[in-house]
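Only one structure is covered here, and it is reproduced in the block below.
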Amino acid sequence: MNPSDIVWHPATVDRSARESNLGQRGVVVWFTGLSGCGKSTVANELDSQLLQLGRATTLLDGDNIRHGLCAPPPALREEHGEAFAERFGLGFASIDREENIRRIGNVAALMASAGLITLTAFVSPYRKDRDRVRKIVEEAGKTGDFIEVFVDTPLDICEARDPKGLYKKARSGEIKNFTGISDPYEAPRNPEIRLDGGKATTPADQAAEVLQKLVEWKVFATS
């Protein structure tokens, strides 16, 4: 089958109708930063604050996605076999990370098209991959539907936290291609929101900062 034979079928209920029904814009709020920077914690706190306001949301977390949609080869071998696992499983080399973010970007765009405020928390270390997601999301909607949130926490603080013990394993060579240690992190040049992870502010305060921006940008209205 040629790509030209795959035709996009417009839905009977379109995006504007879904957004009108929910009283909000579908957007992707993309948290990025080093492992241990606090992005998942802040994203979860924001999800909770939005829920309290009656907003329709969903949250995609890097670790959770690796349990299914973007599972590594060892997680797929027993059920699907070696050939399937090697072809479709994703490790952590740069090409695997690229595919991981491509899959997530398309899923996030679909969720935003359903009118959901879609929160994501991924290291997503490469600018070109994040830029591709921005393009996917905005082509499915409009400019401004992709909101990049850089949780800017210094490496030494992330490493001191090391909640999963990953930095220790990376330093010992047990984990290869680890962002910040043996693989680069390309910080956003012009994120819509930058959170200073080195300041003594709580995740709730940081989430509230993002929430205020969503209100200012008319993602939804508050009563």
Side-chain angles (χ1 to χ4, degrees), residues 10-33 37-70 100-124 129-153 188 190-197 201-223:
T12 301
V13 180
D14 66 12
R15 179 173 185 154
S16 62
R18 296 181 190 280
E19 291 179 327
S20 177
N21 186 55
L22 293 169
Q24 61 187 43
R25 279 172 47 209
V27 297
V28 174
V29 183
W30 189 277
F31 287 85
T32 178
C37 71
K39 58 188 175 297
S40 291
T41 303
V42 178
N44 273 279
E45 178 60 37
L46 176 59
D47 198 24
S48 178
Q49 292 183 14
L50 287 165
L51 179 65
Q52 291 174 32
L53 293 174
R55 300 295 95 206
T57 68
T58 191
L59 172 61
L60 303 174
D61 181 82
D63 283 346
N64 294 349
I65 290 296
R66 285 283 186 170
H67 281 271
L69 180 65
C70 299
N100 180 55
I101 298 305
R102 188 195 70 84
R103 292 182 192 179
I104 298 308
N106 279 276
V107 170
L110 288 171
M111 291 181 169
S113 293
L116 298 177
I117 298 173
T118 306
L119 313 178
T120 79
F122 296 88
V123 173
S124 47
D129 294 338
R130 298 192 303 267
D131 289 344
R132 285 195 189 107
V133 175
R134 182 185 294 274
K135 183 179 179 182
I136 290 168
V137 170
E138 294 188 343
E139 284 184 347
K142 59 183 180 294
T143 301
D145 286 348
F146 181 87
I147 299 166
E148 188 175 42
V149 181
F150 176 31
V151 185
D152 188 3
T153 306
N190 296 293
E192 278 73 19
I193 301 171
R194 175 186 170 275
L195 299 177
D196 188 346
T201 55
T202 67
D205 288 339
Q206 291 177 322
E209 185 176 337
V210 179
L211 183 68
Q212 182 57 42
K213 290 294 184 182
L214 298 183
V215 173
E216 289 177 13
W217 295 333
K218 301 185 183 337
V219 172
F220 64 93
T222 57
S223 55

Out of the candidates Arg194, Lys39, Arg130, Lys213, only one should pair with Glu148 under the salt bridge (Lys or Arg N to Asp or Glu O under 4.0 Å) rule; please name it.
Arg130
If we ignore hydrogens and angles and just use 3.5 Å, is the side chain of Thr32 paired with the main-chain N or O of Val123 as donor and acceptor?
yes
Name all residues meeting the side-chain hydrogen bond (donor to acceptor under 3.5 Å, both in side chains) criterion together with Ser16; count only those two or more places apart in sequence or in a different chain, and write none if there are none.
Asp14
Salt bridge (Lys or Arg N to Asp or Glu O under 4.0 Å) contacts touching residues 102-119 (sequence neighbours left out)
Glu99-Arg102, Glu99-Arg103
Looking just at side-chain N and O atoms, do Asp129 and Ser124 make a donor-acceptor pair shorter than 3.5 Å?
no
Counting C-beta onward and ignoring hydrogens, is there a side-chain heavy-atom pair between Val29 and Val219 closer than 4.5 Å?
no
Apply salt bridge (Lys or Arg N to Asp or Glu O under 4.0 Å) to Lys135 and list each qualifying residue two or more places apart in sequence or on a separate chain.
none
Test: salt bridge (Lys or Arg N to Asp or Glu O under 4.0 Å). Region: residues 43-55. Which pairs qualify, not counting sequence neighbours?
none
Any residue meeting salt bridge (Lys or Arg N to Asp or Glu O under 4.0 Å) with Glu138, in chain and number order, not counting sequence neighbours
Arg134
With sequence neighbours left out, what residues match Asp145 under salt bridge (Lys or Arg N to Asp or Glu O under 4.0 Å)?
Arg15, Arg25, Lys142
Can you confirm whether Ile136 sits close enough to Asn106 that some side-chain heavy atom of one is under 4.5 Å from a side-chain heavy atom of the other?
yes
Let me confirm one number: the CG-CD1 distance from Leu60 to Ile65, rounded to the nearest 0.5 Å.
5.0 Å
Donor-acceptor contact below 3.5 Å, side chain Gln24 vs main chain Ala56:
yes
